[in-house]
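Written below as structure tokens is the structure these notes are about.
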Amino acid sequence: MEENGGDFALAAAPLAKWKSDFSRAFQYYLDRSAPHIAERWLGTLVAASIYFLRVYYVQGFYVISYGLGIYVLNLLIGFLSPKVDPELEALDGASLPTKDSDEFKPFVRRLPEFKFWYSITKAFVVAFGLTFFSMLDVPVFWPILLCYWIFLFVLTMKRQILHMIKYKYVPFDMGKMRYTGKKPSASGSRLARD
């Protein structure tokens, strides 16, 4: 019996080494792709296009597409939300600054851009793989799913935008702010002319 266990361990060792090597190489290339934001998103756009072409060509897998849409919507909400929810923080006594004299707190996302990109790309790849299993092609009337998804998207985005307005945060970088100093007032310029 011990010989059989030893044989199994010897057979599993190359598989574990291959898995470790593959994982290390994959992580290396993933880390190298981090600074290349436009190229990463272009690759995701290509993956999404391939998925949508597959669904269009097969004329099916609408339930998988609906699930993918709900997952992407959930990721988008995490991407647009602050790491620390101001509503919960207000209950604790600390809150986001509401006046110019309050302390500045930078916007920190609940879901960072890289993880957002990676999750969406992984979702499209998995959904594409699922389209090769005919048992997952459940017959549904797809316009109802599309209308329901649009309804969820509008309600969710409305709530998120109202949250942004209420707590005065913008989840996007608009570049470096430039301060030019005070502008001369109308009365000051009149005095200079007199």
Side-chain angles (χ1 to χ4, degrees), residues 1 3-83 85 109-163 171-172:
M1 284 246 172
E3 292 177 8
N4 290 341
D7 292 339
F8 179 74
L10 288 175
L15 183 64
K17 183 181 179 332
W18 178 84
K19 182 180 174 186
S20 173
D21 291 344
F22 176 78
S23 176
R24 189 175 296 122
F26 180 76
Q27 189 63 45
Y28 171 77
Y29 288 113
L30 197 61
D31 292 343
R32 297 252 340 235
S33 72
H36 307 287
I37 297 170
E39 291 85 357
R40 285 190 285 119
W41 282 104
L42 187 63
T44 300
L45 184 63
V46 168
S49 300
I50 290 171
Y51 172 75
F52 288 127
L53 285 173
R54 168 84 176 146
V55 168
Y56 177 76
Y57 175 73
V58 175
Q59 293 291 311
F61 298 101
Y62 301 121
V63 173
I64 291 175
S65 297
Y66 176 72
L68 176 65
I70 295 296
Y71 181 69
V72 169
L73 180 61
N74 186 32
L75 290 174
L76 183 63
I77 292 302
F79 180 69
L80 296 176
S81 298
K83 188 173 187 175
D85 190 3
R109 299 178 190 283
R110 185 170 39 150
L111 182 65
E113 184 271 336
F114 186 80
K115 289 183 179 180
F116 178 58
W117 164 80
Y118 184 63
S119 298
I120 285 180
T121 305
K122 212 170 29 170
F124 275 109
V125 170
V126 168
F128 179 75
L130 292 176
T131 62
F132 291 99
F133 297 99
S134 61
M135 67 183 165
L136 297 175
D137 188 11
V138 179
V140 294
F141 186 59
W142 67 266
I144 291 175
L145 288 179
L146 180 62
C147 289
Y148 188 59
W149 185 84
I150 290 171
F151 179 72
L152 282 175
F153 179 80
V154 169
L155 283 180
T156 307
M157 285 296 113
K158 178 184 172 189
R159 190 188 69 180
Q160 187 66 32
I161 290 170
L162 290 174
H163 192 268
F172 304 106

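Contact check for L80 versus M157: side-chain heavy atoms found under the 4.5 Å cut-off.
The OG1 atom of T44 sits 5.5 Å away from atom CH2 of W41, with the distance rounded to the nearest 0.5 Å. Separating the CG atom in L130 from the CE atom in M135 is a distance of 9.0 Å, to the nearest 0.5 Å.
Counting only N and O atoms by type, the side chains of R110 and S81 include a donor and acceptor under 3.5 Å apart.
Residue F132 places its CZ atom among more than 12 non-hydrogen atoms of other residues, nucleotides or ligands, all under 6.0 Å distant.
The backbone N or O of K115 lies less than 3.5 Å from a partner atom in the side chain of S119, making a donor-acceptor pair.
Taking H163 as the reference, Y167, Y169 meet the ring pair (Phe, Tyr, Trp, His ring centres under 6.0 Å) condition, with sequence neighbours excluded. For Q27, the side chain to side chain contact (heavy atoms under 4.5 Å, CB included) partners are L30, D31, not counting sequence neighbours. In this view, Y118 satisfies the ring pair (Phe, Tyr, Trp, His ring centres under 6.0 Å) rule with no residue, not counting sequence neighbours. Scanning for ring pair (Phe, Tyr, Trp, His ring centres under 6.0 Å) contacts around Y148 gives an empty result, with sequence neighbours left out. With sequence neighbours excluded, no residue forms a ring pair (Phe, Tyr, Trp, His ring centres under 6.0 Å) with F133. Residues meeting the salt bridge (charged side-chain N to carboxylate O under 4.0 Å, His left out) test with R32, sequence neighbours left out: none. Residues passing the side chain to side chain contact (heavy atoms under 4.5 Å, CB included) test with W142, sequence neighbours excluded: Y62, L146. Every side chain to side chain contact (heavy atoms under 4.5 Å, CB included) that V138 has, sequence neighbours left out, goes to V63, V140. Scored by the side chain to side chain contact (heavy atoms under 4.5 Å, CB included) test, Y29 finds no partners at all (sequence neighbours excluded).
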Using residues 66-77 as the side-chain source, report each donor-acceptor pair under 3.5 Å to any protein atom, sequence neighbours left out, with the distance given to one decimal.
none

Residues 49-58, side-chain donor-acceptor partners within the protein, below 3.5 Å, at least two apart:
residue : atom : partner : partner atom : Å
S49     : OG   : L45     : O            : 2.8
Y51     : OH   : S65     : N            : 3.4
Y51     : OH   : S65     : OG           : 2.7
R54     : NE   : T131    : OG1          : 3.1
R54     : NH2  : T131    : O            : 2.9

Worksheet item: Between W117 and F79, does a ring pair (Phe, Tyr, Trp, His ring centres under 6.0 Å) hold up when you go through it step by step?
Response: CA-CA 10 Å; W117 164 80; F79 180 69; over 10 Å; no

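Among residue pairs with one or both ends in residues 149-159, none qualify as side chain to side chain donor-acceptor pair (under 3.5 Å); sequence neighbours excluded.
For the pair S33 and F114, the tightest heavy-atom approach, listed with the atom from each and the gap, is OG-CE1, 4.0 Å.
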